[in-house]
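For reference, the structure is listed below as structure tokens.
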Protein chains: 2
Amino acid sequence: MEKKTILVVDDELKIRILLKDFLEREGFSVIESQDGKHALETFRCRGKSIDLILLDVMLPEYDGWTVCREIRKISEVPIIMLSARSEDFDEVHGFEIGADDYVKKPVKPTVLIARINAFFRRIDKVKAESRVIAFDGLEIDDSSHTVKVDNEEIVLSPKEYTLLLILVENKGKVISREQLLNLVWGYDYYGGLRTVDTHINRLRIKLGKKGDSITTIRGFGYRFEG
Amino acid sequence: MEKKTILVVDDELKIRILLKDFLEREGFSVIESQDGKHALETFRCRGKSIDLILLDVMLPEYDGWTVCREIRKISEVPIIMLSARSEDFDEVHGFEIGADDYVKKPVKPTVLIARINAFFRRIDKVKAESRVIAFDGLEIDDSSHTVKVDNEEIVLSPKEYTLLLILVENKGKVISREQLLNLVWGYDYYGGLRTVDTHINRLRIKLGKKGDSITTIRGFGYRFEG
DNA sequence: TTTTAATATGACAATTATATCATACTCATA
DNA sequence: TATGAGTATGATATAATTGTCATATTAAAA
């Protein structure tokens, strides 16, 4: 497995150095940011390659809460908040706005690294799980990337496959074209919404009669019936 | 989504009751165990249906470390360890033997629940429970964007749907045509007020007998009875 | 009851959303 | 470099939605 990249956001140079040092010794690659604004810019620019964010709460130029909320609007990247504030209220708040963990300062590097490793161990496991979705004659095997309709394998392009997966994972729910662009194409894609239509169209054709399961919700998006 | 089941392992009855109470209020289903041996037996017997284990470290009949290690030999079920021991060494050890989180006692239920929710949010693919408004034979599911009258689905156009949603969200209150134009059409819309009448009309027809629930308040606007 | 104003309704045209098609571009591979 | 699969985009066709108006109906007031 390739190196994981961690973005460390803290205004104190001493802490950044301490963490960078420990993390790199553990085999992680580290990017640093000294304030909220810079962190957001960094993430917008290289978000795709960042596997985890260590985010201090007390920051100049947008505090940690703001940074967390802004990032959550565009990404589900794991975020661990670091905070000197030890109130329960703050901790709960951190989780509510989308953080994955909340660690109280002073941070002990050994403990933090144990947490990070445990976290990656868990999400890698979830990712690696061979997931098979099957119902009503439709079968999607995520580990082999194969799709079958009535036991007949059909070949989908990458975009078509991901599109189908997202729709089926959220079956019964309407997903807007904007959401689909985010989820399938990535939050940093700025193409036209019509592109989604075209791909839906091709997907429907390839799915044959199962294509009817993709319902158009005029004005709102698409929904997979299930 | 179906209820998640949590196995709470703690020898103190008081804590078990406290946690069970809180967790059930949050929509989890709870199983209890008062010692390590019993916890292992319980898990071996119904492990398949357990989604998370809250495991105290200080236990009679096999301590928490042992239970965690034994479970890890046969399962990857998420484990959150609870411990009165606050040494960093213990925390690191907990992660090393396969725990997913380590929470120091005394446990604050609100914090623990925030952690548990964040954890499930991360590892679950599907999230976000759907918001459903239902009463008197009318059902509006906003996530799937479906409207049912007496369990019969009816298809509404975007404007009709939004109009209905606004009316129902404010049921019992009169909403003026101006307000409806603002809420449904947007504040920057400058069409005629009569347009609302037409849409109300079309909505009433599609709702069938439920259409009678939209009352005209002469001179003021409309009101959804409920 | 008559009058008046407000609202309901139906028809139509205008607008908008979506599906579909044709084409050009991109990128990996032979 | 040529090929082909995959993709993005714009043009056009099709279909649904919407806004407006004329007219009918209704409710309140005189």
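We name chains A, B, ... by the order of the sequence lines, and we start the count at 1 in each one.
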For a quick check of understanding: with a heavy-atom distance under 4.0 Å over all strands, which category does A:Arg202 fall into, base, sugar-phosphate or nothing? base
Pair A:Asn201, A:Thr198: side-chain N/O donor-acceptor within cut-off below 3.5 Å: no
Check each of A:Tyr222, A:Trp185, A:Tyr161 against A:His199 using the ring-ring contact (aromatic ring centres under 6.0 Å, His included) test, and report the only one that passes. A:Trp185
Atom CD of A:Glu160 to atom C1' of D:dA8: distance rounded to whole Å? 13 Å
Can you tell me how far C1' of C:dA8 sits from CD1 of B:Ile200, to the nearest Å? 11 Å
Under-4.0 Å side-chain N/O to phosphate OP1/OP2 contact, A:Thr216 with C:dA19: yes
Let me know, please, whether B:Arg204 or A:Ile205 comes out on the 5' side of the other along DNA chain C by nearest nucleotide. B:Arg204
Just by distance, do the side chain of B:Glu26 and the backbone of B:Leu23 share a donor-acceptor pair under 3.5 Å? no
Please state whether the phosphate of D:dT18, meaning OP1 or OP2, lies under 4.0 angstrom from any side-chain nitrogen or oxygen of B:Tyr189. no
Does a side-chain N or O of B:Trp185 approach OP1 or OP2 of D:dT18 to a distance below 4.0 Å, or not? no
A:Pro158 has its side chain closest, among D:dT18, C:dG10, D:dG6, to D:dG6
OP1 or OP2 of C:dT18 versus the side-chain N and O atoms of A:Arg177: is any pair under 4.0 Å? yes
If you compare every side-chain N and O of A:Arg218 against the phosphate oxygens of C:dT16 (OP1, OP2), does one of them come in below 4.0 Å? no
Given atom CG of A:Asp197 and atom P of D:dT7, what is their separation to the nearest angstrom? 16 Å
Interatomic distance, B:Leu181 CG vs D:dT18 P [rounded to whole Å]: 13 Å
Write down the distance between CD1 (B:Ile217) and C1' (C:dA8), rounded to a whole number of angstrom. 15 Å
Atom-to-atom span, CG of B:Leu164 to C1' of D:dT17 - whole angstrom: 17 Å
Which is more 5' along DNA chain D, the nucleotide nearest B:Lys206 or the one nearest B:Tyr190? Just name the residue. B:Lys206
Between C:dA17 atom P and A:Phe220 atom CZ, what is the distance in whole Å? 12 Å
Heavy-atom pair with the smallest gap, counting every atom of A:Thr110 and B:Val92: O-CG2, 3.8 Å
Return the value, rounded to whole Å, for the distance between atom NE2 of B:His199 and atom C1' of C:dT15. 12 Å
Could you tell me whether a side-chain N or O of A:Arg194 sits under 3.5 Å from a main-chain N or O of A:Asp197, the two making a donor and an acceptor? no
Can a side chain N or O of B:Thr195 be found less than 4.0 Å away from OP1 or OP2 on D:dT20? yes
Establish whether the base of D:dA8 is bridged to the side chain of A:Arg194 by a donor-acceptor pair shorter than 3.5 Å. no
OP1 or OP2 of C:dA8 sitting under 4.0 Å from any side-chain N/O of B:Tyr222? yes
Would you say A:Glu225 and A:Thr215 are linked by a side-chain donor-acceptor pair, where the criterion is simply a distance under 3.5 Å? yes
Please state whether the phosphate of C:dT20, meaning OP1 or OP2, lies under 4.0 angstrom from any side-chain nitrogen or oxygen of A:Asn201. yes
